[in-house]
Amino acid sequence: MSRVQLALNVVDLDASIDFYSKLFDSAPAKVRPGYANFAISDPPLKLVLVENATARGASTEGALNHLGVEVQTPQEVSTASARLARHGLDAVDECGTACCYAVQDKVWVQDPDGAPWELYTVLADVPEDSGPGDDSCCVADPAMAETGVDTWSSCC
């Protein structure tokens, strides 16, 4: 089986293991001093965490914009949202969000280092002439600040 590998620098390995175990409902396949990896079957992903006390984290100020997992149905988004809430993660649900030329249902969470994650499904395409086609997508959204989750856009 092929899978994508994602390697992240993390400040606190234990906090990151806890977060990603909850996010993907999966235990790590390997944990070593300063290192952990997950062999996640759904979605197919090899997630590698490397502890780096000086890492800035994956905030929206860095090169990373956000991370995401596309699922097939709105029910899967709803199920993921409920699971994240049961685990005590601050999640922000959005249904019917039109952005980046698609209508999506999604739930957002943030890892311990500030990396924004979305679990989403695409409900419909939005015609190119309906926008947005500018820089309003995938940028900080002050309205998110009141949710307790760092301010990233609900787009994309």
Side-chain angles (χ1 to χ4, degrees), residues 1-10 12 15-29 36-49 57-156:
M1 172 173 94
S2 297
R3 73 173 109 224
V4 172
Q5 175 180 293
L6 173 62
L8 299 175
N9 288 322
V10 299
D12 182 332
S16 295
I17 289 171
D18 182 59
F19 174 82
Y20 285 106
S21 294
K22 292 172 182 174
L23 179 63
F24 291 112
D25 204 22
S26 178
N37 78 42
F38 292 77
I40 301 162
S41 60
D42 186 19
L45 173 67
K46 180 70 162 218
L47 176 64
V48 177
L49 306 176
S59 72
T60 56
E61 296 172 6
L64 177 66
N65 181 280
H66 72 277
L67 303 157
V69 177
E70 183 177 9
V71 298
Q72 297 301 308
T73 68
Q75 181 58 41
E76 289 174 275
V77 173
S78 179
T79 299
S81 178
R83 178 174 49 81
L84 297 170
R86 277 195 316 275
H87 286 304
L89 298 177
D90 291 325
V92 176
D93 293 313
E94 294 183 337
C95 295
T97 297
C99 169
C100 297
Y101 307 106
V103 177
Q104 306 166 4
D105 282 355
K106 59 180 76 184
V107 59
W108 287 94
V109 292
Q110 182 175 336
D111 83 359
D113 291 305
W117 279 87
E118 65 172 333
L119 287 89
Y120 69 98
T121 190
V122 174
L123 303 172
D125 285 334
V126 174
E128 187 173 336
D129 60 356
S130 298
D134 57 20
D135 292 335
S136 65
C137 214
C138 297
V139 295
D141 180 359
M144 294 290 283
E146 63 194 46
T147 66
V149 176
D150 203 3
T151 57
W152 63 82
S153 172
S154 60
C155 284
C156 295

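Predicted, not measured: the structure shown is a model, and the values here were computed from it. Residues take their numbers from the sequence shown, with the count starting at 1. No hydrogens, no waters, no symmetry mates; every other heavy atom, side chains included, goes into these values.
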Does any part of the side chain of [Y], heavy atoms only, come nearer than 4.5 Å to the side chain of [X], both counted from C-beta?
X	Y	answer
Tyr120	Thr97	no
Pro112	Asp12	no
Asp42	Asp25	no
Ser26	Tyr20	no

Open item on the list: To check you understand the geometry: which heavy-atom pair defines the closest contact between Gly68 and Trp117, and what is its length?
Closed with: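 Heavy-atom minimum between the residues: N-CE3, 4.0 Å.
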Task: Minimum-distance pair of heavy atoms, taken over all atoms of Lys22 and Leu84 - done: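 Scanning both residues, the minimum pair turns out to be O-CD2, 4.0 Å.
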Task: Candidates Leu47, Val48, Asp113 - the one meeting side-chain contact (heavy atoms from CB on, under 4.5 Å) with Leu8 - done: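 The single option meeting the side-chain contact (heavy atoms from CB on, under 4.5 Å) with Leu8 is Leu47.
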Answer yes or no: is there a donor N or O on one side and an acceptor on the other, between the side chain of [X] and the main chain of [Y], under 3.5 Å?
X	Y	result
Ser81	Val77	no
Asp125	Ala102	no
Ser21	Ala27	no

Reported [atom1]-to-[atom2] distance for the pair [X] and [Y], which is rounded to 0.5 angstrom:
X	Y	atom1	atom2	result
Leu67	Glu118	CG	CD	9.5 Å
Asp105	Gln75	CG	CD	10.5 Å
Thr121	Gln72	OG1	CD	6.5 Å
Lys106	Cys95	NZ	SG	11.0 Å
Leu6	Lys46	CG	NZ	12.5 Å

- [ ] Please check if atom CD in Gln5 has more than 12 non-hydrogen atoms from other residues, nucleotides or ligands closer than 6.0 Å.
- [x]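 Atom CD in Gln5 is crowded, with more than 12 foreign heavy atoms closer than 6.0 Å.
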- [ ] Under the side-chain contact (heavy atoms from CB on, under 4.5 Å) rule, what do Asp90 and Gln110 come out as? Steps first, then yes or no, please.
- [x] CA-CA 8 Å; Asp90 291 325; Gln110 182 175 336; over 6 Å; no
Task: Worked verdict on Ile17 versus Val10 for side-chain contact (heavy atoms from CB on, under 4.5 Å) - done: CA-CA 10 Å; Ile17 289 171; Val10 299; over 6 Å; no
- [ ] Would you check, one step at a time, whether the test side-chain contact (heavy atoms from CB on, under 4.5 Å) holds for Phe19 with Leu89?
- [x] CA-CA 8 Å; Phe19 174 82; Leu89 298 177; 3.9 Å; yes
